[in-house]
Student: 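Have a look at the structure that comes next, please.
Predicted model only: the values in this text are computed from it and were never measured.
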Amino acid sequence: MKRIAVVGAGTIGLSWATLFATKGFRVFIYDPRNDLKEVFEEYVQSIKPTLELLELPTEEWVQHITLSTSLEEAVKDAQIIQENGPENLAWKQQLYAEMEQFVAPDTLFLSSSSTLGASDIAEKMQMPGRMLIGHPFNPPLVMPLVEVVPGKSTSQDSVESAMTFYASLGKKPRLIQKEVFGFVANRLQFAMLQEAMHLVDSGVVSMNDLDEIVKDSIGLRWAVTGPMLGMHLGGGQSGMEAFLRHLGTTMERTWREQGDVVLDDETIKRLAEKSLGAYGHRTIAEHGRARDELQIEFLTKRREK
Ligand SMILES: NC(=O)C1=CN([C@@H]2O[C@H](COP(=O)(O)OP(=O)(O)OC[C@H]3O[C@@H](n4cnc5c(N)ncnc54)[C@H](O)[C@@H]3O)[C@@H](O)[C@H]2O)C=CC1
Ligand SMILES: O=C(O)[C@@H](O)C(=O)[C@H](O)[C@@H](O)CO
């Protein structure tokens, strides 16, 4: 049985660990948090409805999990390490240099980082060829995408191993050809989130209505066509060229008028207050379960097409 180390047991790490264990891997979780056992036990109960919807085992997988009390114990015999620590470059650089001391030469290092490049993270490694990004979308247990982003030293073997590994889990690994901060999905997401926060914070639309507008339009469309095919279909029989010749000027004006957002403390507090007003009536776990139920139903339908 292949052994996977999950380093960092927060939002992403616990979801990855569950996926790995339900797929039959032996999983060692390391996190210095002093409530790891309690957090894990609570998570095991809260994730059951999602596992049922995914037709994954809801109980047995826990036997494949070991909560490690040391980093060395967690990683020393791992063939694969999925790192999910804080999004802090200096911290990740130090961690990879430390982990490298304990593992075999062919251990694959995968970081869940949302934005940081493998070239930078692996800077202090002796053997950076075996390190790359495996960036999931939250929650990895449900969302198909994994952005596989090699660094300047990453070997082709490591890239192929990562792509094969994620595909074997039923994920949709996509190889990103060039290192850019934020990769692809987050650069797209963050561009839109800037405008979304601007529109809500400036009072153009309520937070709840903004979400419903996206869900009933571009969210629904792009889940089926993606943005590029969406534009191509928006141009009628002449496709993308007609779309851009017809609406290009309008798009360029909108880009010039889009809002700038500075996430200072006051702005964060205003948006957080609006978020509680819109969504505070249910717990994060309740929203998460409702999200997972609909997303799994949609993914199942889309797969059937
Ligand atoms: N939250 C999200 O939606 C997504 C996050 N990511 C990325 O995944 C990584 C983790 O993010 P989250 O799970 O959201 O963060 P989180 O804050 O929920 O979890 C981070 C975990 O790292 C642990 N940690 C701190 N020091 C550690 C150490 N020395 N060794 C091991 N663990 C340590 C913390 O105790 C915490 O449990 C980040 O790089 C983030 O950019 C990627 C995709 C989505
Ligand atoms: O949104 C996601 O799940 C991922 O793209 C992420 O990396 C994290 O959410 C974070 O970057 C903020 O969206």
Side-chain angles (χ1 to χ4, degrees), residues 3-17 19-20 27-33 68 70-140 143 145-167 169 171 173-190:
R3 178 166 167 166
I4 301 180
V6 170
V7 177
T11 304
I12 295 303
L14 286 176
S15 189
W16 269 132
L19 179 66
F20 299 151
V27 181
F28 285 70
I29 298 175
Y30 172 69
D31 190 316
R33 63 192 301 175
S68 301
S70 81
L71 179 63
E72 180 177 358
E73 181 204 31
V75 302
K76 66 185 173 67
D77 298 320
Q79 285 79 37
I80 294 172
I81 298 170
Q82 185 76 38
E83 174 269 320
N84 320 277
E87 188 70 347
N88 175 301
L89 179 58
W91 179 88
K92 288 188 190 289
Q93 287 174 332
Q94 190 50 45
L95 174 75
Y96 281 77
E98 185 181 356
M99 291 193 291
E100 204 176 24
Q101 301 170 74
F102 306 130
V103 301
D106 61 351
T107 296
L108 189 62
F109 289 78
L110 301 168
S111 175
S112 295
S113 176
S114 299
T115 59
L116 301 170
S119 298
D120 293 333
I121 292 174
E123 191 173 272
K124 295 183 177 178
M125 291 182 74
Q126 298 299 313
M127 296 173 65
R130 52 188 176 164
M131 191 271 156
L132 65 165
I133 302 295
H135 169 238
F137 246 54
N138 181 37
M143 299 296 271
L145 176 69
V146 182
E147 290 179 302
V148 175
V149 194
K152 60 181 184 281
S153 305
T154 305
S155 70
Q156 187 54 33
D157 279 353
S158 297
V159 174
E160 288 166 9
S161 298
M163 294 292 284
T164 303
F165 167 62
Y166 288 126
L169 297 169
K171 310 306 289 177
R174 295 286 170 189
L175 182 61
I176 307 301
Q177 306 291 345
K178 291 183 182 177
E179 281 189 302
V180 287
F181 186 81
F183 318 134
V184 172
N186 270 340
R187 289 176 74 93
L188 295 173
Q189 176 177 223
F190 294 167

Student: So, the side chain of E123 versus the backbone of Q93: is there a donor-acceptor pair under 3.5 Å, distance only?
Tutor: no
Student: Compute the centroid of each ring, for F28 and then for F20, and state whether the two points are separated by less than 6.0 Å.
Tutor: no
Student: Nearest 0.5 angstrom please: I121 CD1 to Q94 CD, how far?
Tutor: 13.5 Å
Student: Identify the two heavy atoms, one from A122 and one from P128, that lie closest to each other, and give their separation to 0.1 Å.
Tutor: CB-CB, 3.8 Å
Student: Measuring from atom CG of L175 to atom CD of Q177, what distance do you get when rounded to the nearest 0.5 angstrom?
Tutor: 5.0 Å
Student: If only atom types and distance count, is the side chain of E147 paired as donor or acceptor with the main-chain N or O of V184 below 3.5 Å?
Tutor: yes
Student: I'd like to know if the side chain of S158 reaches the main chain of M131, judged simply by a donor and an acceptor atom lying under 3.5 Å from each other, with no hydrogens or angles considered.
Tutor: no
Student: Step by step, work out the side-chain contact (heavy atoms from CB on, under 4.5 Å) result for F165 and I4.
Tutor: CA-CA 11 Å; F165 167 62; I4 301 180; 3.6 Å; yes
Student: Might you point out which heavy atoms bring A9 and I29 nearest each other, and give the distance in Å?
Tutor: CB-CG2, 3.6 Å
Student: Suppose we screen for side-chain hydrogen bond (donor to acceptor under 3.5 Å, both in side chains). Which residues come up paired with E87, at least two apart in sequence or across chains?
Tutor: S113, T115
Student: E100 side chain to Q126 main-chain N or O, any donor-acceptor pair under 3.5 Å?
Tutor: yes
Student: When you measure from the side chain of K124 to the backbone of L95, do you find a donor-acceptor pair of N or O atoms at a distance under 3.5 Å?
Tutor: no
Student: Any sub-3.5 Å donor-acceptor pair from K171's side-chain atoms to P140's backbone N or O?
Tutor: yes
Student: Look at the side chain of Q82 and the backbone N and O of G134, then say whether any donor-acceptor pair between them is shorter than 3.5 Å.
Tutor: yes
Student: Taking atom OH of Y166 and atom OG of S161, what is their separation to the nearest 0.5 Å?
Tutor: 11.5 Å
Student: Measure the OG-CG distance between S114 and N138 for me, rounded to the nearest 0.5 Å.
Tutor: 9.0 Å
Student: Looking at N84 and G8, what are the two nearest heavy atoms and their distance?
Tutor: ND2-O, 3.5 Å
Student: Is there a side-chain contact (heavy atoms from CB on, under 4.5 Å) between L145 and R174? Walk through the geometry before answering.
Tutor: CA-CA 7 Å; L145 176 69; R174 295 286 170 189; 3.7 Å; yes
Student: Atom CZ of F181 and atom CG of L116: how far apart are they, to the nearest 0.5 Å?
Tutor: 6.0 Å
Student: For A118 versus P150, what's the shortest heavy-atom pair and its separation?
Tutor: CB-C, 4.1 Å
Student: Can you measure from CG (L108) to CD1 (I81) and round to the nearest 0.5 angstrom?
Tutor: 9.0 Å
Student: Determine whether a donor-acceptor pair (N or O, by modelled atom type, separation under 3.5 Å) exists between the side chain of R130 and the backbone of P105.
Tutor: yes
Student: Please identify each residue that fulfils side-chain hydrogen bond (donor to acceptor under 3.5 Å, both in side chains) with K92, with sequence neighbours left out.
Tutor: E83
Student: Counting only N and O atoms by type, is there a donor-acceptor contact under 3.5 Å from the side chain of Q101 to the main-chain atoms of E98?
Tutor: yes
Student: Considering only heavy atoms from C-beta outward, does the side chain of L110 approach that of I133 to under 4.5 Å?
Tutor: no
Student: Please find the pair of heavy atoms, one from P173 and one from A167, that lie closest to each other, and give the distance.
Tutor: CG-N, 3.9 Å
Student: Counting distance only, does the side-chain N/O of T107 pair as donor-acceptor with the main-chain N or O of A78 below 3.5 Å?
Tutor: yes
